[in-house]
**Student:** 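Quick one: the structure is below, questions incoming.
FYI, side chains are in, hydrogens and waters are out, and symmetry mates aren't considered; it's all heavy atoms of this structure.
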Amino acid sequence: MKLIEVKDYDEMSQRAADCIIEKIHSTKKPVLGLATGGTPKGLYEALIHDHEQNGTSYGNVTSFNLDEYIGLPKEDPNSYYHYMESNLFNHIDIPEEAVHLPSGTKEDLEEECKDYDAMIEKTGGIDLQLLGIGENGHIGFNEPGTSFASGTHIVDLAQSTREANARYFDSLEEVPKRAITMGIATIMKSREIVLLVSGKAKQEAMKRLFEGDITEDFPASILNQHPHVTVIADEEALGLVHQLKAIGQK
Ligand SMILES: O=P(O)(O)OC[C@H]1O[C@](O)(CO)[C@@H](O)[C@@H]1O
């Protein structure tokens with residue numbers, strides 16, 4: 001894994017935007033894997049700014065999001081579909097038919113999982129997958145214990161994940177208990193992965209990631225086996241990693 005150490009959230013967002021813009025310019029029909037959560041919001045703002053100022057076009061881009069809550073329709077303000085529209089898609093020129101999120105409202109969710117993986121394959125696979133990380137090491141909504149062989153699937157959300165995401169809802173009770181997520185194997189098939197990490201709350205997760213033990217108890221650890229991962233992390237997130245290095249150098 002390549003590590004880019006940055007000062008703070010804003011620098012992380014700009015560096016990540018640069019990676020994506022470069023990918024769009026250098027790829028004929030770029031396929032982007034996109035993420036939600038608090039972490040990529042600044043990156044999306046930077047992409048919108050660049051689109052407005054420099055005219056970077058998303059006319060040839062196809063996107064696949066990592067995950068969606070089960071039971072929330074697209075219009076729900078807490079659905080990830082709504083998040084993507086308001087934080088990115090409504091402000092760039094990506095064609096409506098080119099954006100994909102797994103649906104959490106289909107009657108046959110098992111079929112939706114299979115269709116989602118098939119659709120990614122059909123477009124030729126993901127060129128660049130953006131990831132955030134949960135404090136427990138989840139990527140997408142793949143909670144600890146998820147099989148590394150998993151394709152897109154339905155998950156029961158960990159209580160800690162529901163609590164962390166309750167800040168976006170009126171109450172914890174309103175946070176859905178299940179989600180549909182790209183699996184670990186789906187994510188690992190991406191040709192390139194960019195993991196964004198910011199803030200003190202992610203220190204422990206960064207320490208575990210860079211310690212390098214690969215275990216399903218810590219889903220992000222599998223990234224150590226991917227040939228092309230860039231981690232863009234800020235000083236706060238790297239606090240414990242720096243301490244580890246300092247101890248190793250003594
Ligand atoms: O970016 P945040 O809000 O810290 O969330 C981290 C991770 O948790 C999720 O929001 C899921 O809980 C992911 O989408 C994200 O990558």
**Student:** Sub-3.5 Å donor-acceptor pair from the side chain of Asn142 to the main-chain atoms of Met182, do we have one?
**Tutor:** yes
**Student:** Would you say Ile232 and Ile20 are hydrophobically clustered, going by side-chain heavy atoms of ILVMFWY under 4.5 Å?
**Tutor:** yes
**Student:** Start with the C-alpha distance between Asp18 and Gln14, add both sets of side-chain angles, then the distance that settles side chain to side chain donor-acceptor pair (under 3.5 Å), and finish with yes or no.
**Tutor:** CA-CA 6 Å; Asp18 294 345; Gln14 193 53 56; 3.1 Å; yes
**Student:** Any side-chain to backbone donor/acceptor pair from Glu112 onto Ser103? Under 3.5 Å, distance only.
**Tutor:** yes
**Student:** Could you pull out the closest heavy-atom pair between Ala35 and Gly132, with the gap in Å?
**Tutor:** CB-N, 4.4 Å
**Student:** Do the side chains of Glu85 and Lys74 get nearer than 4.5 Å, heavy atoms only?
**Tutor:** no
**Student:** Got a sec, which residues hit salt bridge (Lys or Arg N to Asp or Glu O under 4.0 Å) with Lys29, two or more places apart in sequence or on another chain?
**Tutor:** none
**Student:** Where the side chain of Asp76 meets the backbone of Pro73, is there a donor-acceptor pair that is under 3.5 Å apart?
**Tutor:** no
**Student:** Does Arg191, at its CZ atom, have more than 12 non-hydrogen atoms belonging to other residues, nucleotides or ligands within less than 6.0 Å?
**Tutor:** yes
**Student:** Side chain of His138, backbone of Ile133: donor and acceptor closer than 3.5 Å?
**Tutor:** no
**Student:** Run through the side-chain heavy atoms of Ile, Leu, Val, Met, Phe, Trp and Tyr, join any pair under 4.5 Å, and report what else lands in Ile154's cluster.
**Tutor:** Ile70, Leu109, Ile180
**Student:** Could you tell me whether a side-chain N or O of Glu68 sits under 3.5 Å from a main-chain N or O of Tyr80, the two making a donor and an acceptor?
**Tutor:** yes
**Student:** If you round to the nearest 0.5 Å, how far is OG of Ser190 from CG of Asp127?
**Tutor:** 9.0 Å
**Student:** Should we count NZ of Lys23 as having more than 12 external heavy atoms under 6.0 Å?
**Tutor:** yes
**Student:** Do the non-hydrogen side-chain atoms of Phe210 and Val231 ever get within less than 4.5 Å of each other?
**Tutor:** yes
**Student:** What pairs of donor and acceptor atoms, side-chain ones from residues 144-151 against any protein atom, are under 3.5 angstrom apart with sequence neighbours left out?
**Tutor:**
residue, atom, partner, partner atom, Å
Thr146, OG1, Glu143, N, 3.2
Thr146, OG1, Glu143, O, 2.5
Ser147, OG, Ala149, N, 2.9
Ser150, OG, Ser147, O, 2.7
Ser150, OG, Ile184, N, 3.1

**Student:** Using every non-hydrogen atom in the two residues, find where His228 and His226 come nearest and quote the distance to one decimal.
**Tutor:** N-ND1, 2.9 Å
**Student:** Hey, is Glu121 close enough to Lys189 for a salt bridge, meaning N to O under 4.0 Å?
**Tutor:** yes
**Student:** If hydrophobic clusters are built from ILVMFWY residues whose side chains come within less than 4.5 Å, do Val241 and Tyr9 share one?
**Tutor:** no
**Student:** Rounded to the nearest 0.5 Å, how far apart are CD of Gln203 and CD of Gln243?
**Tutor:** 7.5 Å
**Student:** If the condition is side-chain hydrogen bond (donor to acceptor under 3.5 Å, both in side chains), which residues does Asn90 pass it with, not counting sequence neighbours?
**Tutor:** none
**Student:** Hey, are the side chains of Thr56 and Leu47 touching, using non-hydrogen atoms and a 4.5 Å cut-off?
**Tutor:** no
**Student:** CG/Leu34 to OH/Tyr44 distance, rounded to the nearest 0.5 angstrom?
**Tutor:** 4.5 Å
**Student:** What's the spacing between Cys19 SG and Leu43 CG if we round to 0.5 Å?
**Tutor:** 9.5 Å
**Student:** In terms of hydrophobic clusters joined by side-chain contacts under 4.5 Å, are Tyr81 and Val61 together?
**Tutor:** yes
**Student:** List for me each residue that meets salt bridge (Lys or Arg N to Asp or Glu O under 4.0 Å) alongside Lys207, sequence neighbours excluded, and say none if there are none.
**Tutor:** Glu204, Glu211
**Student:** Roughly how far, to the nearest 0.5 Å, is the CE atom of Met1 from the CG atom of Leu195?
**Tutor:** 8.0 Å
**Student:** Tyr83 and Pro40: which non-hydrogen atoms are nearest, and at how many Å?
**Tutor:** OH-CG, 3.7 Å
**Student:** Using distance only, find each side-chain donor-acceptor pair of residues 167-179 under 3.5 Å and give its atom names and separation, not counting sequence neighbours.
**Tutor:**
residue, atom, partner, partner atom, Å
Arg167, NH1, Ala164, O, 2.4
Tyr168, OH, Gly38, N, 3.3

**Student:** Verify whether one side chain among Tyr69 and Asn165 offers a donor that lies under 3.5 Å from an acceptor in the other.
**Tutor:** yes
**Student:** Ring centroids only, cut at 6.0 angstrom: are Phe89 and Tyr58 within range, meaning strictly under it?
**Tutor:** no
